[in-house]
Amino acid sequence: MIGIVIEHNRVYGTTAYVNASHGWAEATLWRHGFEWSYVRNEWTAPGTRAWPFDPFKFAKVTSELRRHGFPVKLVVDNSRPEVDPVEDSVMELLGLAYAVQRLGVALRQDMQTQPTLVTAERRKQAREAAEAAEARILEAERQPGVQEHPEMRSVWYLFDQGARDVGLPPF
């Protein structure tokens, strides 16, 4: 029997887990605004992470699923977490991306104004620092909820600007 659990908390937002693949149930979730998260392997409702659970928004999907014989369990936790691991990770990555951007700008400016100071060793160190930052960002993206966070676009944009300046290929 197929069971569906719709869960809401302030760390991951509203997610739906279907214990077995069923096309109609998944199409219903998609029709009501859920998106498939390949990172978390479940359906997520974008934009619901920072807000309390809205029973009116999800009443239609739960009633439609129940009307067609799918048992739906709702789990709601509206308490605000003292520590938000996703937000903390993304803010750390944002700081890292800004650092790579500043490194790239500084290297580019030095190459234009004082080219004799920019040695091959300094370029190599800057490239290695950017590669280490990229590895840290990719590692953090494997954590559930980080890749879907809206600020990750900014992280990759800032990182890409700095990485190109130190000689890494664009993304």
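- Side-chain atoms of D160 and R164, non-hydrogen and from C-beta on, do get closer than 4.5 Å to each other.
- Linking ILVMFWY side-chain heavy atoms closer than 4.5 Å, directly or via other members, places W30 and Y17 in two distinct hydrophobic clusters.
- By the criterion of side-chain heavy atoms lying less than 4.5 angstrom apart, applied directly or through intervening Ile, Leu, Val, Met, Phe, Trp or Tyr residues, V5 is not grouped with V72; the two fall into different hydrophobic clusters.
- Closest non-hydrogen pair, Q143 versus S89, comes out as OE1-OG, 2.9 Å.
- Note that NZ of K60 and CZ of R67 are 11.0 Å apart. Values are rounded to the nearest 0.5 Å.
- Residues A140 and L93 come closest through the heavy atom pair CB-CD1, 3.6 Å.
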Mind running ring-ring contact (aromatic ring centres under 6.0 Å, His included) on H8 and F58 for me, showing each step along the way?
CA-CA 11 Å; H8 177 84; F58 297 103; 7.8 Å; no
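- Closest approach of P71 to G69, counting heavy atoms only: CD-O, 3.5 Å.
- Only one option out of E42, E148, Q147 pairs with S37 in a side-chain hydrogen bond (donor to acceptor under 3.5 Å, both in side chains); it is E148.
- Put simply, the side chain of M91 reaches to within 4.5 Å of the side chain of E151, judged on heavy atoms.
- Note: F159 CZ to Q101 CD = 12.0 Å, rounded to the nearest 0.5 Å.
- The minimum heavy-atom distance between M152 and V146, with the atom names listed, is CG-O, 2.9 Å.
- Atoms CH2 and CG, on W36 and N41 in that order, are 5.0 Å from each other to the nearest 0.5 Å.
- Residues D110 and R122 form a side-chain contact, since some pair of their non-hydrogen atoms from C-beta on lies under 4.5 Å apart.
- No side-chain heavy atom of L107 sits under 4.5 Å from any side-chain heavy atom of D165.
- In the hydrophobic clustering of this structure, L138 groups with L158; members are Ile, Leu, Val, Met, Phe, Trp, Tyr whose side-chain heavy atoms approach within less than 4.5 Å, directly or through other members.
- Contact record, A130 with V100: CB-CG1, 4.3 Å, taken as the closest heavy-atom pair.
- Side chains of E87 and H149 form a contact here, defined as non-hydrogen atoms less than 4.5 Å apart.
- Clustering ILVMFWY residues whenever any of their side-chain heavy atoms sit less than 4.5 angstrom apart, transitively, puts M111 in a cluster other than the one holding V105.
- Across T15 and F34, no two heavy atoms sit closer than the pair C-CE2, 4.2 Å.
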Would you please test W43 and T14 for side chain to side chain contact (heavy atoms under 4.5 Å, CB included) and show each step?
CA-CA 9 Å; W43 292 87; T14 304; over 6 Å; no
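- No side-chain donor-acceptor contact under 3.5 Å links R127 to the backbone of G167.
- Between the CG atom in L29 and the CD1 atom in I6 there is a gap of 6.5 Å [rounded to 0.5 Å].
- Side-chain atoms of F70 and T62, non-hydrogen and from C-beta on, never get closer than 4.5 Å to each other.
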